[in-house]
Amino acid sequence: MSEYVIEMLNITKEFPGIKANDNITLQLKRGEIHALLGENGAGKSTLMSILFGLYEADEGVIKKDGKTVRIKNPREANALGIGMVHQHFKLVENFSVLDNIILGTEPSKFGFIKKQEARKKLMEISKKYGLNIVPDAIIEDISVGMQQRVEILKMLYRENDILIFDEPTAVLTPQEINELMEIMRGFTKEGKSILFITHKLNEIMAVADRCTVLRKGKWIGTFDVKTVTREELSRMMVGRDVDFNVKKIPRDKGGVILDVKDMTVASKVHKNNAVRGVSFEVREGEIVCIAGIDGNGQSELVYGLSGLEKLKSGSIRFLDKDITHDTIRARSKSGMSHIPEDRHKYGLVLDYTLEQNLVLQRYWQAEFQKNGFIRASRIRKYAQKLIKEYDIRSGQGPVTRARSMSGGNQQKAIVAREIDKSPRLLLAVQPTRGLDIGAVEFIHKQLVSVRNAGNAVLLVSLELEEVMSLPDRILVFYEGEIVAELRPEETNVEELGLYMSGAKRQPQFTKTVPATKEAAHG
Amino acid sequence: MDKIKMFFKDFAKRLKHIYLSDKDRPSMIQNSLSSPGFSSLTASILSVVIGLLFGFFLLLILNPSKAGMGLQRILVTGISAPDKFAKVLYMSAPLIMVGLAVGFAFKTGLFNIGATGQYTIGAFFALFSAIVWGFPWYAAILAAMAGGALWGAIPGFFKAFFNVNEVITSIMFNWIGMFLVNLLCLNTPKIISDYWGGNIGNRTANLAVANPSAIIPKWGLDKLFDSNYMNIGVFIAVLIAICMFVILNKTTFGYELKACGYNRNASVYAGMNAKRSIILSMVISGALAGIGGGLYYLTGIGNYNIEKLLLAMGFNGIPVALLGGSNPLGIILSGIFISYIQVGGEALQPTFSKEIIDIIIAVIIYMSALSLLVKLTLEKLIRRRKKDKILHCCEAKEAKK
Amino acid sequence: MKKLLITVMILALTALSIGLLVACEPKNTQEETYEIALITDVGNIDDKSFNEGAWNGVKQYAEGANKTYAYYRPSEDTTEARVETIGNAIRNGAKVIVCPGYLFEEAVYAVQTQYPNVMFLLLDGEPHNADYSDKKTESNVNCILYKEEQSGYLAGYAAVMDGYRNLGFLGGMDVPAVVRFGHGYVQGAEAAAAELDLNPGDVTMKYWYSGVFWPTDDVASKMSSWYTTGTDVVFACGGGVYLSAIDAAKTANKKMIGVDVDQYASTGNDPVFISSAMKGLTASVVQALTSLYANGGTWNTERAGKTLHLGAAEGGVGLPTEGASWGFTTFTIAQYNALFAKLVDGTIVVNDAINVRPATTLVAVTYEND
């Protein structure tokens, strides 16, 4: 038997205008955890999609146990024992755990599903690997970590022995990440092989045996993890040295820029409030980070601050002025900028050109219009300036449709637009989500420069590395409340994780509305 | 106008490129992909050709020996005589207006299927102000505009404040508008033809009798074209189309409306008043349809007929807008085109009966309005072509090595 | 892919140009012409009314005389479109143009001078200009009006003779033609009552103009109340307004009288119609065309520039007598023929005044518009 369970040899795949995979070779040993490392757009997802049968390679061969195979669709991949946990789970929200797991492979007799049999098999698997689960729970009621567990069980149920994990840790708390690592190690002991897609170096160092690095669709190399350093890996991934340390000049606390009192915002998803009586301050020259697991009210907090959502109660003072009832435009004019979490939903008009998007917050200013007529040449000039300063890359410069730009450059455009307004307060919600290291580094520098200039940044982030490195203060959000205020230099990831998961709470942050909290659990 | 010129220049250049070039010019292909005007215009022309072909096949099936004559008549009648051309222009004025109404709403993210109702209300306002109050034509057109705007504002209001789908509201307001106009006409003796000495009780008075000053002036064009159909209505429509083009593309107002249409959330995020934008879009769209009603009924040629049918004119705005790519300048062309083939279709009588002609013309318009589909296909083709080129290029280079 | 695109375009253009070539070549040699043309007012030739009646006349004559004929429909309901369509017909070789209905009055006014060598037959109207300041009929135009009062008289007389005592008249709008039908109907009922020696009040009549030529719910509920309060038969006179009465009549198991054409036949033998006060559309068109061609293709002096008022004597009015269209039981066709003869020879004269209501002594008429 071949040493490799799966081999992808000299794979090339081309999309209109781009070679997503250029002669890439990936060999997966039996029983190893093999990390696939690369920036966004390096071709990781394409390569895995080819393996999973979503795309077919233009060139190259795939071998299973040394034999050449053709994988035309996910069903065939499954038949070869290949399973995949996607970054965005593919679960039916209002089905039970069991129904989701057997979906597509329902054991049946005369058209009737034999659920008891399936349940028995599922419970056996669950026991064997220590993956506890409630088979009758409805997906939308269980946590994200549990949902991921369902995806994993789905692969095991189908008796897959080659498991692909696509950025599995993005949605997890530190504790959950540790659990996942344990589970993965357990699988390898059972002889299963794991392909682990990520751009987080720490995780690779912690769990992977070997690692293949891709850059811009090209194969850079395959290494034994023990023989390389973090820095080397990042250099190979980005193509240059990356400075992980953000240079913050020490600053004394300045005056209060933002003062939030007893802010409550209703939720659109459930009946309870998403933000529950939150009070805090943001001062000149500091970056305050709102940390927390996704969905704990951070989004609604920012909606409330930016004016997208009305407050149910409480007040907001900005630069010593009550802006609780001000319009979005008024807040923007008085010096608030906002990098929204969903750049497609809020940040950009995708069918507008880049230059039209760059003036989205300023088109009404005298600089860009006269008597209601747009001054196109000035907009062009302004756009060219921003494109140059912020290194926004696009096919046709100012007249590129925003839709056709890459995610990183779309985000850069938003960052450029918002920072160039010279804001006193910058609301930055997950400003680096889904971006590669180079872009992350750039955006971090921009945020710090806003802070260094004596302005304030309110950062909402789910990335622990970002939470630990960037801010001056951390406010941990749990179920719509602040449960802790931390300083990054005085805390660590483990402690942060305990606050984020609600297991711990600092004494000064008492529960404000215990009744509704209980309801939320039920 | 420069833009149109550029349009055609560009088009010719690219056409030449497609036909003549066998060498690799990836940059040119890239450009043609990126120029939306090019593929829109090509798509429209191609779909018109496809539509005409379908019409021709239909003619062949129905009466093979006369199919050639039929197609020829459809294609050339409109320019065969000055009075026929006058009719083309006469019918295109309201068509362009309703096309603009639908197209403007499209551009701002709304589907105004209520153009018929707004057109009807506009027609009533025009006729009422002209016949009962004795307004001159320009004032009557303004009244029509106000009527249409009012009728567009209502669905806009419901959409903005209660998120009621504008398609549903505007469909209902088509019927409400039509019955309301009938009711008002029947209860306004002065607006009905018999009041002015006629013996026809179910249609509005003849403007030539009731108020000649309300008839849209002809400026001697009727003599020039030897047709009573000729008046300056079509020029008004073209002027308004150009205005709409400028508003949509050159003003902050248009920028806001389009932004709200493309992405309502982003426009709110940018501090725009999305509710206001939605209502204003519908008001303008309705006003355009209303002017269409005014332009048609103030020619003095047609009388509003009290019937229980929705006027077809408003719905014709949809294919006009689709064929014109919702671009106001494109709508001028598509409005004239649709009017042109309708006039051509009339000339098929008596060889083909009116019903058959209506089907043929409808098929041509229907196929023509598929330009969006054709456009997408075209873009795909061009993109694939580009890919082929690159592959080809690479292979060639490797071969050289 | 480029090839596909080009192929599609070339194919399309080729097909189009072949079409054009085919079209152009035989064009001058064998362009078909149609000598007798009918222009519909706005509807189609199967409207069970004016267009259809006139079209049947055209067909009947042309097939007998071996003439080419065709019909045209205007592009829209406007005088200008009718004028244009008449022009199209003339370009296609029309020498005679039949215009059914008063909607053609202004159009014929315009074309009669524009095409002096083309003959026009205008049914149920007389040419005038838009503001009625000028009425003139040129020598190439023959107008035909019908003595609606005679037709109505026949219907009213027959209904009372047949034993109906509670009558109804449902008019459309009170335009002259409708009024003449109604007044004739009242006079006919009165005459029959006198002949049967009935007492005053034995025969009642509800008389109402609905104000519309199309069905409405208001009219329907009114008819329903008529039928349920004793009315036995309603003469529904005015376009589609009869549709409002038809259901009420059937529900109450009562009867109706149609108008203009034989509505028993045209509604597919609906027994609710006991008769119809007809205008002799088909017959008068045939007569007119026969006379025209007998005179070498121009109107003779009786018709040129004249308006003929066709009554019983000229076959211009009548009730249908064929088969089941005759829905009377006690009133016989012989009686009808005798009555008809009296109209023909002038023994009976029906008053055609429209601004004075006919005097009645025996029939109790309730004018519900008052």
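Below, chain A is the first sequence line, B the second, and so on; all start at residue 1. Everything numeric here is computed off the predicted structure, so don't read it as measured data. Values below: every heavy atom of this structure, side chains too, minus hydrogens, waters and symmetry copies.
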| request: Could you look at A:Val399 and say if it's the side chain, the backbone, both or neither that has a heavy atom under 4.5 Å from chain B? | output: neither
| task | Please tell me if the side chains of B:Val246 and A:Phe373 come closer than 4.5 Å, counting only heavy atoms from C-beta onward. | result | yes
| request: Without swapping roles, check the side chain of A:Tyr363 against the backbone of B:Glu256 for a donor-acceptor pair under 3.5 Å. | output: no
| said: side chain to side chain contact (heavy atoms under 4.5 Å, CB included) for A:Trp364 and B:Thr252? Distances and angles first, verdict last. | reply: CA-CA 7 Å; A:Trp364 42 271; B:Thr252 51; 5.6 Å; no
| said: Counting heavy-atom pairs closer than 4.5 Å to chain B, which one of A:Ile374, A:Leu308, A:Leu350, A:Ile328 comes out on top? | reply: A:Ile374
| message | Tell me whether the count of non-hydrogen atoms from other residues, nucleotides or ligands lying under 6.0 Å of CZ in B:Phe253 goes above 12. | response | yes
| query | Can you name the salt bridge (charged side-chain N to carboxylate O under 4.0 Å, His left out) partners of A:Asp351, sequence neighbours left out? | reply | A:Arg403
| task | Hey, can you tell me if A:His338 and B:Tyr269 have their rings parallel, tilted or perpendicular (30° and 60° cut-offs)? | result | perpendicular
| message | Does any part of the side chain of A:Leu348, heavy atoms only, come nearer than 4.5 Å to the side chain of B:Asn263, both counted from C-beta? | response | no
| remark: Ranking A:Ser404, A:Ser332, A:Ala330, A:Pro340 by heavy-atom pairs under 4.5 Å to chain B gives rank one to A:Pro340
| Residue selection (most heavy-atom pairs with chain B, distance under 4.5 Å) from A:Gln356, A:Arg362, A:Arg329, A:Lys333 | A:Arg329
| message | Just so I know, are the side chains of B:Met272 and A:Leu360 near enough to count as touching, which here means a heavy-atom distance under 4.5 Å? | response | yes
| request: Take atom OH of B:Tyr138 as the centre, draw a 6.0 Å sphere, and report whether it contains more than 12 heavy atoms from other residues, nucleotides or ligands. | output: no
